[in-house]
Amino acid sequence: MVVPELKAWRAARPHVVRVARSVRPQLVRAVEAVKPPLVRAAGAVKPLVTRPSTVQFTAGSATLGLVVAATVVTAAGPWDSTGQRTVEREWAASQGRAGGADHGHVSGTSGKAPAPAPSAASVLTGLGGSVGAGPSPTEKALADVLGPLLDNAALGTERTAAVVDLATGKRLYGKGADDALTPASTTKIATAVAALTAAGADHRIATRTVLEPDSEKVVLVGGGDPTLTARKDAEGNASLRTLADRTARALKDRKTDEVTLSYDTSLYEGPDVHPIGLDNTNVARVTALMADEGRLDDTSSGTAKRTEEPAADAAKEFADLLKDRGIKTADPVPAKATDRAKSLAAVKSPPLSALVERMLTNSDNDIAEALARQTAVAAGEPASFKGGGAAIRKQLKKLGLPLKGAEFADGSGLDRADKLTADLLTALLAKAADPAHPELRAALTGLPVAGFTGTLSTRYAGQPGTGLVRAKTGTLTGVHTLAGTVVDTDGHLLAFAFLTASDPPTEPTATQKGLDALASTLATCGCN
């Protein structure tokens with residue numbers, strides 16, 4: 001059976017070829033210059049075929065095949081302002097909004113422009129048993145090129161590293177790979193794998209309204225969807241406006257036009273304020289009900305001022321929407337829905353796979369903390385910071401991952417009490433690449449692309465890793481990490497993790513450039 005993504009890729013190929021032939025002669029010369037490694041990489045690509053489902057293997061620059069075409073990324077312009085190849089955008093425009101919702105999405109835009117690239121077959125070379133034509137990198141060769149870079153003083157006083165061949169799962173290089181350090185936002189890779197394992201890639205989070213029996217009491221029940229939106233353009237997310245439409249219609253069918261409104265946040269337990277405190281712009285209160293992540297501006301990613309009462313504000317917005325639809329109600333108050341309440345209406349989030357991609361691409365802390373709690377709910381643990389950490393560990397243990405020294409204090413990595421090893425991070429990526437676990441693939445396809453998307457969109461300028469490195473960043477004061485995947489010049493898909501820490505803190509830009517140089521070196525070194 002051929003999945004729709006593969007059909008889309010096959011349909012796209014003739015158009016892509018025509019566009020490529022129209023590119024300037026110097027591009028052709030550039031392609032000829034890299035033809036041998038490109039052919040080897042192309043031979044390694046084997047699309048991942050699985051059952052049709054809502055799991056979408058969306059990836060930035062997927063139309064031309066990022067892993068293959070990125071070999072000529074520096075010569076394959078021109079580019080638009082988001083780093084998207086113009087030829088790919090033209091193809092996407094010809095096909096309509098076919099996918100790539102988060103890769104290349106610019107916060108604050110209307111979403112009317114063509115998607116950056118349509119969903120297509122997986123661009124993860126090395127899966128399904130195929131590898132590059134040359135031998136795998138050797139430990140000695142990797143040590144020769146990575147060792148001096150890891151000795152860079154800009155990386156700080158502590159640094160660990162691991163490199164793994166994703167086709168075989170074999171660790172090719174390690175430096176302090178079993179030493180646990182603060183991982184910062186690379187923690188989100190663990191959160192992603194745990195959530196996908198516990199709840200499933202197709203799981204959608206519901207926000208509901210119910211009517212208490214023999215009354216006119218409506219309860220807005222939060223299910224923990226951090227992407228619920230009150231904005232006019234929902235951009236594929238669950239809409240509070242749609243929920244108001246459906247609720248008002250259901251009430252009018254019952255000949256009811258006046259109700260009392262309550263809101264239920266009882267799904268989550270424990271403190272709702274992250275240990276870093278409420279007075280910050282990185283994460284809102286972690287509550288089962290919020291709209292637009294409690295943001296007080298029109299952004300959908302990055303830092304922003306947050307409301308102090310996201311649940312109450314979302315309920316008030318919902319009350320106003322009901323009034324606009326002819327349902328009178330007073331200001332809402334908190335209350336738990338009873339087991340006897342009857343369902344009125346519901347809206348659901350995008351599938352968990354899409355939430356994972358958005359979380360990783362944008363390093364979204366609100367989604368990360370929500371996914372940790374969704375993991376706890378699915379695993380039968382309390383839906384709290386502590387319960388989320390316990391649930392993440394439980395799911396990773398099920399997968400047989402190396403957990404020695406690991407600590408999970410939250411889902412986002414904002415808490416310095418989190419501890420991970422380079423060995424665990426690469427093992428997480430290897431498990432997500434395992435053909436036996438297609439449900440975990442979003443943990444790879446969501447990784448930002450160097451120089452193109454998410455938290456890597458402004459990094460790698462002028463470096464050879466542009467378009468070749470996919471990685472999750474991690475940044476706290478004195479802590480800088482990078483973990484992801486890269487395809488070397490022989491077409492081998494490698495996973496890497498680099499963790500650094502320093503007291504006193506290093507200069508952030510210099511440290512990040514040092515990490516980027518490590519990943520770029522993996523991309524350009526056959527190392528065998």
Please name the pair of heavy atoms, one in [X] and one in [Y], separated by the smallest distance, quoted to 0.1 Å.
X	Y	result
P226	I205	CD-CD1, 4.5 Å
F496	A519	CZ-CB, 3.8 Å
H492	P135	NE2-O, 3.3 Å
D423	T426	O-OG1, 3.0 Å
A422	A161	CB-C, 3.8 Å

Report the residue from [options] that forms a side-chain contact (heavy atoms from CB on, under 4.5 Å) with [X].
X	options	value
T477	P505, P504, S502	P505
F408	T191, D415, L403	L403
T511	T481, L482, L155	L155
V145	T524, T521, L518, L522	T521

Atom pair [atom1] ([X]) and [atom2] ([Y]), whose distance is rounded to the nearest 0.5 Å:
X	Y	atom1	atom2	result
E357	L352	CD	CG	11.0 Å
C527	L172	SG	CG	10.0 Å
R441	T445	CZ	OG1	9.0 Å
R171	L142	CZ	CG	12.0 Å
L181	L499	CG	CG	5.5 Å
Q512	E507	CD	CD	8.5 Å

Taking salt bridge (charged side-chain N to carboxylate O under 4.0 Å, His left out) as the criterion, tell me which of R306, K188, R285 meets it with D366.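 Exactly one candidate clears the test, R306.
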
Measure the shortest side-chain to side-chain distance between [X] and [Y] over non-hydrogen atoms and say whether it is less than 4.5 angstrom.
X	Y	answer
L494	V487	no
L493	T485	yes
Q395	V193	no

Criterion side-chain hydrogen bond (donor to acceptor under 3.5 Å, both in side chains) against N528, the qualifying member of D488, D490, T138: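 Of the listed residues D488, D490, T138, the side-chain hydrogen bond (donor to acceptor under 3.5 Å, both in side chains) partner of N528 is D490.
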
Establish, for the pair R373 and Y268, whether the NZ or CZ atom is under 6.0 angstrom from the six-membered ring centre and no further than 45 degrees off its axis. yes

Any chance the side chains of [X] and [Y] put a donor and an acceptor closer than 3.5 Å?
X	Y	answer
S363	S185	yes
H274	D410	yes
T421	D178	no

Answer yes or no: does atom NZ of K175 have more than 12 heavy-atom neighbours from other residues, nucleotides or ligands under 6.0 Å?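 For K175, atom NZ is not crowded (no more than 12 foreign heavy atoms under 6.0 Å).
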
Look at atom NZ of K386 and say whether more than 12 heavy atoms of other residues, nucleotides or ligands are closer to it than 6.0 Å. no

Would H480 and F498 count as a close aromatic pair, with their ring centres under 6.0 Å?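 No; F498 has its ring centre 6.0 Å or more from that of H480.
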
If a pair satisfies salt bridge (charged side-chain N to carboxylate O under 4.0 Å, His left out) and one of its residues is in residues 139-152, list it, with sequence neighbours excluded. K140-D144

Do NZ/NE/NH1/NH2 and the carboxylate oxygens of R459 and D516 come within less than 4.0 Å? yes

